[in-house]
**Student:** 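Questions regarding the structure given below will be posed in turn.
Order of the sequence lines sets the chain letters (A, B, ...), proteins ahead of strands, with each chain counted from 1.
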Protein chains: 2
Amino acid sequence: MLKLSRMTDYAVLIMAQLAGADQAVAGTGSFANGGNEGMDTASGLAERTGLQQATVAKLLRLLAQGGLLTSQRGAHGGYMLARAPQDITVSAIVTAVEGPIAITACADGHSGEPCSLEILCPMSHGWNRINSAIRTALADITLAEMLPPAPLPARAAPVMAAKAGPGKDAALAAAG
Amino acid sequence: MLKLSRMTDYAVLIMAQLAGADQAVAGTGSFANGGNEGMDTASGLAERTGLQQATVAKLLRLLAQGGLLTSQRGAHGGYMLARAPQDITVSAIVTAVEGPIAITACADGHSGEPCSLEILCPMSHGWNRINSAIRTALADITLAEMLPPAPLPARAAPVMAAKAGPGKDAALAAAG
DNA sequence: CCTAAACAAGACCAATTCGGTACGAATTTA
DNA sequence: TAAATTCGTACCGAATTGGTCTTGTTTAGG
Ligand code: SF4
Ligand code: SF4
């Protein structure tokens, strides 16, 4: 369906949550950790998004590796945005989680075995056009634009049903 | 990687081949079947693209169901383009093979369980913007634009390595 | 009528990828 | 030292994908 993976969607959601909290703290200043402003822990983010802690942690690590977040280890550690929300493009988030954006094997910088004989394939040029158009679309929207004009409510309801395998539905339980 | 499935890529390649043959026949008129102009069989297409016959057949059926091709059953049957190449968008091909284009579960016309509580998710609007941008990009390029200005050579070399499971590399062998 | 050529439809299977979990190690603060 | 927290990686089950196969159905032609 030409859809991005669920993980990527989660990642953007987490980033949005992070950015929202960032805005919120400017007003309230109330945080779980001892005053480390704009710093969120994986557990806290997990609770606020309704996702599993481990999953959130994995994503956060990935995003930090991509340079989108700065991390602080140890007690009272956590993550915070590396740049202002309006300087973080959706493209950057997607790339951090799923790797370079390439609609076909031939488009983009040939990371991973390109389909052989692409030199003869008449379509590579067309695909490249499409590919860069998509990349532009993704790069044109920043995290700030993904947020609603008003900051998120401090206690957002859990989003995304977990569809947890064996009969468990943690997210719904948390919501109820 | 935000890539479209290999099948989709195959589909476009097949369509291009069909369109190329269409152009070619205007000049040469030489065809394997008994003069059924612009009509190609699955086997013929498979041979010219270097893909497996069964795979090509499946794709052709899919494309026909999507209304992009017309099919003629029985002896001397085959497929031909339903419309002129410049009236077939890449978007149409992608949609025919992978279903509606929806970058997230919430974007697009909610086919298949949308992620619960999307009403509360602050990002649906942003995703919709991106989604329609991508759809526009795909819809802006037609099959005709994917082809090179000159018609394909009648006997194109096989494209796309099959990566056939146990150590076989048919395409490379054919190329060498 | 009979056969061959071709599409139609779906079942089926192996391989990969995806979503999610678990555990141990490193690092920082108290 | 103890607690909190990230880091890294390995792992597993399930879903998806890529590809094959089998069994019709339709048409042309002898
Ligand atoms: S070279 Fe052609 S066939 Fe190969 S991935 Fe690119 S577009 Fe597809
Ligand atoms: S509603 Fe939000 S969390 Fe759910 S799919 Fe859409 S963007 Fe992702």
Side-chain angles (χ1 to χ4, degrees), chain A residues 1-11 32-36 39-46 51-65 69-80 97-99 105 112-113 115 160-171, chain B residues 1-11 32-36 39-46 50-66 69-80 97-99 105 112-113 115 160-168 170:
Chain A
M1 285 182 243
L2 191 50
K3 70 164 50 157
L4 39 74
S5 80
R6 211 191 300 198
M7 284 297 153
T8 312
D9 195 8
Y10 291 170
N33 52 0
N36 221 340
M39 198 70 116
D40 271 312
T41 72
S43 329
L45 252 358
L51 302 173
Q52 292 301 326
Q53 194 271 338
T55 301
V56 173
K58 182 191 250 183
L59 256 347
L60 285 170
R61 212 176 328 119
L62 224 37
L63 290 166
Q65 282 175 340
L69 299 176
T70 59
S71 64
Q72 171 69 33
R73 295 173 69 157
H76 292 181
Y79 293 94
M80 62 181 293
V97 176
E98 340 202 288
E113 45 175 339
C115 92
M160 275 283 195
K163 198 182 188 177
K168 248 356 192 326
D169 205 339
Chain B
M1 288 179 238
L2 192 50
K3 71 164 49 156
L4 39 75
S5 81
R6 212 190 300 196
M7 284 297 150
T8 311
D9 195 9
Y10 290 169
N33 54 0
N36 220 342
M39 199 69 117
D40 271 313
T41 73
S43 328
L45 252 358
L51 302 173
Q52 292 302 323
Q53 193 271 338
T55 301
V56 173
K58 182 191 248 180
L59 255 347
L60 285 170
R61 212 174 332 118
L62 224 37
L63 290 166
Q65 283 176 341
L69 300 176
T70 59
S71 66
Q72 171 69 34
R73 296 173 67 157
H76 293 180
Y79 293 93
M80 63 181 294
V97 176
E98 340 202 286
E113 43 174 342
C115 93
M160 272 286 193
K163 199 187 189 175
K168 244 14 199 310

**Student:** Would you mind reading off the distance between A:Met7 atom CE and C:dG19 atom C1', rounded to a whole angstrom?
**Tutor:**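 That distance rounds to 4 Å.
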**Student:** Tell me what B:Gln53 touches on the nucleic acid: a base, only sugar-phosphate, or nothing, going by heavy atoms under 4.0 Å.
**Tutor:**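 Answer is nothing: B:Gln53 stays at 4.0 Å or more from every strand.
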**Student:** Of all heavy-atom pairs between A:Ala11 and A:Val97, which one has the smallest distance, and what is that distance?
**Tutor:**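 The pair with the smallest heavy-atom distance is CB-CG2, 3.6 Å.
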**Student:** Given C:dA6, is OP1 or OP2 found less than 4.0 Å from the side-chain N or O atoms of B:Ser43?
**Tutor:**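 Negative; the distance criterion is not met.
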**Student:** Using only atom types and a distance under 3.5 Å, with no angle test, would you say the side chain of B:Gln72 pairs donor to acceptor with the backbone of B:Gly78?
**Tutor:**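 No.
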**Student:** At under 4.0 Å between heavy atoms, what does A:Ala64 touch on the DNA or RNA strands: base, sugar-phosphate, or nothing?
**Tutor:**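 Contact class for A:Ala64: none.
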**Student:** Nearest heavy atom decides the nucleotide; on that basis, is A:Tyr79 or A:Lys58 closer to the 5' end of DNA chain D?
**Tutor:**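 Closest to the 5' end, via its nearest nucleotide, is A:Tyr79.
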**Student:** Mind running side-chain contact (heavy atoms from CB on, under 4.5 Å) on A:Thr55 and A:Met7 for me, showing each step along the way?
**Tutor:** CA-CA 9 Å; A:Thr55 301; A:Met7 284 297 153; 3.8 Å; yes
**Student:** A:Met80 has an atom CE; how far is it from atom P of D:dT6, in whole Å?
**Tutor:**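 The distance from CE of A:Met80 to P of D:dT6 comes to 14 Å, rounded to the nearest Å.
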**Student:** Round to the nearest Å and state the distance from A:Arg6 atom CZ to C:dT21 atom C1'.
**Tutor:**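 That distance rounds to 15 Å.
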**Student:** Please pick, from D:dT6, D:dT20, D:dT27, the nucleotide with the shortest atom-to-atom distance to any side-chain atom of A:Thr41.
**Tutor:**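 Selected nucleotide: D:dT6.
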**Student:** Just the rounded figure in Å: distance from P of D:dG18 to NZ of B:Lys3.
**Tutor:**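 Whole-Å distance recorded here is 10 Å.
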**Student:** Output the rounded distance in Å from CG (A:Leu45) to P (D:dA4).
**Tutor:**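 Atom CG in A:Leu45 sits about 19 Å away from atom P in D:dA4.
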**Student:** Side chains of A:His76 and A:Thr41: closer than 4.5 Å at any heavy-atom pair?
**Tutor:**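 Contact flag for A:His76/A:Thr41 side chains = no.
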**Student:** Side chain of A:Gln52 only, please: which of C:dT21, C:dC7, D:dT6 is the nearest?
**Tutor:**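 Selected nucleotide: C:dT21.
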**Student:** Of all the nucleotides listed (C:dC7, C:dA9, D:dT27), which has the minimum atom distance to the side chain of B:Ala42?
**Tutor:**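 Selected nucleotide (nearest to the side chain): C:dC7.
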**Student:** Between the two end axes of the helix from C:dC1-D:dG30 to C:dA30-D:dT1, each built from 5 base pairs, what angle do you get to the nearest 10°?
**Tutor:**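 The two end axes of the helix from C:dC1-D:dG30 to C:dA30-D:dT1 meet at 10°.
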**Student:** Can you see if the side chain of A:Ser71 gets near the phosphate of D:dC7 - specifically, an N or O under 4.0 Å from OP1 or OP2?
**Tutor:**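 It does, given that an N or O in the side chain of A:Ser71 lies less than 4.0 Å from OP1 or OP2 of D:dC7.
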**Student:** Give a yes or no answer on whether the side chain of A:Glu98 reaches the backbone of A:Ser5 with a donor-acceptor pair at less than 3.5 Å.
**Tutor:**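 Checking the backbone N and O of A:Ser5 against the side chain of A:Glu98, a donor-acceptor pair under 3.5 Å is found.
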**Student:** If we ignore hydrogens and angles and just use 3.5 Å, is the side chain of B:Gln53 paired with the main-chain N or O of B:Ala42 as donor and acceptor?
**Tutor:**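 Between the backbone of B:Ala42 and the side chain of B:Gln53 there is no qualifying donor-acceptor contact (under 3.5 Å).
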**Student:** Can you tabulate the close N/O pairs, meaning under 3.5 Å, that link protein atoms to atoms of nucleotides 25-27 of chain C?
**Tutor:**
residue: C:dA26; atom: N3; partner: A:Arg73; partner atom: NH2; Å: 2.9
residue: C:dT27; atom: O4'; partner: A:Arg73; partner atom: NE; Å: 3.4
residue: C:dT27; atom: O4'; partner: A:Arg73; partner atom: NH2; Å: 3.4

**Student:** Considering only C:dA30, C:dG20, D:dG18, which nucleotide approaches the side chain of A:Tyr10 most closely?
**Tutor:**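 Of the options given, the side chain of A:Tyr10 lies nearest C:dG20.
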**Student:** Please report the distance, rounded to the nearest Å, between CZ in A:Arg61 and C1' in C:dT21.
**Tutor:**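 Going from A:Arg61 (CZ) to C:dT21 (C1'), I get 12 Å.
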**Student:** Find the distance B:Leu4:CG to D:dT16:P and express it as a whole number of Å.
**Tutor:**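 Result: 18 Å.
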**Student:** Under 4.0 Å, heavy atoms only, any strand: does A:Glu98 hit a base, just the sugar-phosphate, or nothing?
**Tutor:**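 Contact class for A:Glu98: none.
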**Student:** When the distance from CG of A:Asp40 to P of D:dT6 is rounded to whole Å, what number comes out?
**Tutor:**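 Rounded to the whole Å, the gap is 10 Å.
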**Student:** Answer yes or no: is there a side-chain heavy-atom contact under 4.5 Å between A:Asp40 and A:Met80?
**Tutor:**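 A:Asp40 does not reach A:Met80 side chain to side chain.
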**Student:** How close do A:Ala64 and A:Tyr79 get, heavy atom to heavy atom, and via which atoms?
**Tutor:**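 Minimum heavy-atom contact is CB-CE2, 3.9 Å.
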**Student:** Between D:dC7, D:dT5, D:dG29, which nucleotide gets closest to the side-chain atoms of B:His76?
**Tutor:**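 The listed nucleotide nearest to B:His76's side chain is D:dG29.
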